[in-house]
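Computation of the quantities below employed the complete heavy-atom set of this structure, encompassing side-chain atoms and omitting hydrogens, waters and symmetry-equivalent molecules.
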Amino acid sequence: MILLTPWPVLAHQVELADDVGATLHIEPNDTPKAGEPSEVWFALTRKGGAIIPLADCDCNLTVYSQSATAAEPLLEPPLQPVAAEGYAAIPGATFTFPAVGAYELVLQGQPQDEASFTPFELRFDVVVAAGTTKPVVPDVETPAAPDTTETSPEPTEPQSRAWPQTLALIGGGAIVVLGIAGLVLLQRRSNTKLE
């Protein structure tokens with residue numbers, strides 16, 4: 001049985017440029033969520049598999065929103081050396097994607113010493129899902145004394161019933177946005193493969 005989803009499953013993306021390659025990983029579980037901190041790291045290697053630690057690379061990370069019309073960077077998080085999945089001192093950063101949608105992470109680097117590797121630019125497409133924000137529950141107030149003015153009361157829906165409907169609308173909207181972002185990403189990748 002084949003299960004199709006409207007967005008691609010992103011697990012450890014790999015990009016190559018000349019004699020350098022990098023594997024991107026995002027915590028938690030390669031599924032970044034809008035409004036929540038994500039730890040991003042790159043297993044950066046030379047051709048042949050030798051690790052390039054951050055200390056050997058003058059690296060920069062830039063985050064772009066793919067939905068924005070301007071080409072200005074959205075974020076430029078500072079890189080720190082991190083240890084993850086058996087790698088040590090590789091480039092990493094922790095930052096928060098501001099909204100649901102498609103983003104592009106651009107990792108640029110050049111060697112600290114000239115013989116190590118050629119300068120590179122690697123681009124990674126990332127789809128950010130809706131975060132798990134908790135709704136604000138209003139404080140329960142003591143009811144005021146009844147107003148004796150003659151007005152016809154308007155029927156209102158109790159607050160406790162409105163929250164599930166609101167959350168369902170937000171969740172449905174997030175699914176639609178992710179579906180569209182996934183289709184755009186799939187179309188972009190299939191167009192790239194055809195060229």
Side-chain angles (χ1 to χ4, degrees), residues 2-54 56-68 71 73-110 117-131 174 177-195:
I2 298 174
L3 177 65
L4 298 176
T5 61
W7 56 87
V9 176
L10 301 176
H12 291 4
Q13 293 182 55
V14 177
E15 293 294 330
L16 304 171
D18 294 325
D19 60 344
V20 174
T23 302
L24 167 67
H25 180 74
I26 302 175
E27 289 291 345
N29 301 320
D30 289 308
T31 308
K33 299 200 184 307
E36 298 178 11
S38 294
E39 183 181 342
V40 175
W41 54 264
F42 300 89
L44 194 57
T45 60
R46 291 181 186 90
K47 189 174 185 178
I51 299 297
I52 301 173
L54 183 57
D56 291 350
C57 180
D58 182 13
C59 292
N60 296 301
L61 176 61
T62 309
V63 180
Y64 295 91
S65 171
Q66 291 185 357
S67 63
L74 181 65
L75 300 167
E76 292 178 319
L79 292 169
Q80 304 283 330
V82 298
E85 293 189 13
Y87 298 103
I90 56 176
T94 300
F95 59 92
T96 302
F97 290 97
V100 172
Y103 293 84
E104 182 177 47
L105 276 58
V106 179
L107 180 66
Q108 295 176 314
Q110 57 188 6
F117 54 89
T118 56
F120 64 88
E121 179 177 283
L122 303 170
R123 295 176 174 271
F124 299 87
D125 293 322
V126 176
V127 176
V128 176
V177 169
L178 285 174
I180 292 170
L183 290 174
V184 168
L185 188 58
L186 285 173
Q187 180 66 33
R188 192 168 144 193
R189 286 188 179 185
S190 67
N191 287 343
T192 304
K193 289 179 184 176
L194 293 175
E195 295 172 358

Handout entry: Min side-chain heavy-atom separation T94-P77 under 4.5 Å
Key = no
Practice task
Report yes if the side chains of V63 and L105 come closer than 4.5 Å at any heavy-atom pair, otherwise no.
Solution key: yes
Problem - Which atom of I52 lies closest to which atom of C57, heavy atoms considered - result: CG2-CB, 4.0 Å
Practice task
Quick one: do T45 and I51 satisfy side-chain contact (heavy atoms from CB on, under 4.5 Å)? Show the steps, please.
Solution key: CA-CA 4 Å; T45 60; I51 299 297; 3.6 Å; yes
Practice task
Could you walk me through whether E76 and N60 pass the side-chain contact (heavy atoms from CB on, under 4.5 Å) test, one step at a time?
Solution key: CA-CA 8 Å; E76 292 178 319; N60 296 301; over 6 Å; no
Exercise for the section: For D125 and Q13, test the side chains for any donor-to-acceptor distance below 3.5 angstrom and give the result as yes or no. Expected result: no
Handout entry: Rounded distance [0.5 Å steps], OG1 in T62 versus CZ in R123
Key = 9.0 Å
Exercise for the section: Not counting sequence neighbours, which residues clear side-chain contact (heavy atoms from CB on, under 4.5 Å) with S38? List them please. Expected result: I26, P32, F97
Problem - Residue pair L79, L107: steps toward the side-chain contact (heavy atoms from CB on, under 4.5 Å) verdict - result: CA-CA 10 Å; L79 292 169; L107 180 66; 4.0 Å; yes
Exercise for the section: Dump the intermediate steps for side-chain contact (heavy atoms from CB on, under 4.5 Å) on F120 and D18, then the final yes or no. Expected result: CA-CA 8 Å; F120 64 88; D18 294 325; over 6 Å; no
Practice task
Report the distance from atom CZ of F42 to atom CD of E15, rounding to the nearest 0.5 Å.
Solution key: 10.5 Å
Practice task
Calculate, to the nearest 0.5 Å, the distance between atoms CH2 and CD belonging to W41 and E27 respectively.
Solution key: 8.0 Å
Problem - Closest contact, heavy atoms only, G131 versus K33 - result: CA-CB, 3.8 Å
Problem - Distance, nearest 0.5 Å, that separates OG1 of T118 from CZ of R46 - result: 11.0 Å
Handout entry: Value rounded to 0.5 Å, distance of CZ in F124 from CG in L122
Key = 5.0 Å
Practice task
Quick one: closest heavy-atom pair of T96 and L75, and the distance?
Solution key: O-CD1, 3.7 Å
Practice task
List the atom of F117, the atom of D19, and the distance in Å for their closest heavy-atom pair.
Solution key: CA-OD2, 3.4 Å
Handout entry: Euclidean distance, L44 CG relative to L24 CG, rounded to 0.5 Å
Key = 12.0 Å
